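Computed from a predicted model, the values in this text were never measured in an experiment. Order of appearance sets the numbers: ligands from 1, and atoms from 1 within every ligand.
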Amino acid sequence: MHDATHALIVIDVQNDFCPGGALAVPGGDEIVPGINALMAEFQAVILTQDWHPAGHSSFASQHDGQAPYSVVDFPYGPQVLWPDHCIQGSPGAAFHPGLHTDPAQMIIRKGFRPAIDSYSAFFENDHITPTGLDGALRSRGITHLTMVGLATDFCVNYSAQDAARLGFAVEVRADLCRAIDLDGSLGAAEDGMRAAGVTLR
Ligand code: VGL
Ligand code: ZN
């Protein structure tokens, strides 16, 4: 059992990111039993939930002539356009039914502002708008984070790098993550996380 300074952050283990979902990550459901087991080792378990309004600006459906997985320029930089996914209150936005949610002390929802996507559990994709997680962790004296979930190369990657830059000691359990891997995004994410000081294991 870790002490009270360590938290487990479980990222976006939601139906739309699992096989059969709108933005399915290959093998996304395989990590659920291992994550459930890992929860028992932590005094603090926090879940994140991708939580978009219908018609969110990150959806390809909102951009004439753009296919899902194309990249367009947003005011804050390049943005991948996704299939419609994790719409607030929809079955796809719900946690995977096998995920143990009772141990969670906090659920951070993100991506609810129509004009900004949010991969990271700490900041939206403008890298300015905070989710509040940094303050919540700090006020509890939490300094060490273990991250698991979906997808390795997007929400886990952005969350881990932001956390490391904010001064947390961060470990990503790659065996309890699965990737989308668009055009080498997994390799780039692994390099970026290591460069930011994240421990990958
Ligand atoms: C995610 C793409 C869009 C993720 C969320 O959880 O990695 N990826 N929204
Ligand atoms: Zn999303």
Find, among atoms of His52 that are N, O or S, the one nearest to the Zn ion (ligand 2), and state its name. NE2

For Gln14 and ligand 1, answer yes if some heavy atom of the residue is under 4.0 Å from a ligand atom, otherwise no. no

Centroid separation His144 to His2 less than 6.0 Å: no

Is the closest N or O pair between Phe154 and ligand 1 shorter than 3.5 Å? no

Kindly say whether Gln66 contributes a backbone atom to a donor-acceptor pair with the side chain of Ser70 at under 3.5 angstrom? no

Counting distance only, does the side-chain N/O of His96 pair as donor-acceptor with the main-chain N or O of Gly98 below 3.5 Å? yes

Hey, would you say the His56 and Phe112 ring centroids sit under 6.0 Å apart? no

Taking all heavy atoms of Ile108 and all of Ala121, pick out the closest pair and write down the distance. CG2-O, 4.1 Å

In ligand 1, the atoms that come under 4.0 Å of a heavy atom of Asp12 are 4 (C), 6 (O)

Does an N or O from Asp50, backbone or side chain, lie closer than 3.5 Å to an N or O of ligand 1? yes

Indicate yes or no for a side-chain donor-acceptor contact from Asn15 to the backbone of Pro91 under 3.5 Å, with no hydrogens or angles considered. yes

Only heavy atoms of Ala151, strictly under 4.0 Å: list the atoms of ligand 1 that pass. 4 (C), 6 (O), 7 (O)

I'd like to check which ligand 1 atoms, numbered from 1 as shown, lie under 4.0 Å from a non-hydrogen atom of Cys155. 1 (C), 4 (C), 5 (C), 6 (O), 7 (O)

Could you tell me which atoms of ligand 1, counted from 1 in the order shown, lie closer than 4.0 angstrom to a heavy atom of Trp82? 2 (C), 3 (C)

Where does the angle between the aromatic ring planes of His127 and Tyr158 fall among parallel (under 30°), tilted (30 to 60°) and perpendicular (over 60°)? parallel

Could you tell me whether any N, O or S atom belonging to Cys86 is less than 2.8 Å from the Zn ion (ligand 2)? no

Check each heavy atom of Leu150 against ligand 1 and say whether those closer than 4.0 Å belong to the side chain, the backbone, both or neither. backbone

Answer key: the N, O or S atom of Asp50 nearest to the Zn ion (ligand 2) is OD2

Taking the six-membered ring for Trp and the single ring otherwise, decide whether the centroids of Phe74 and His63 are under 6.0 Å apart. yes

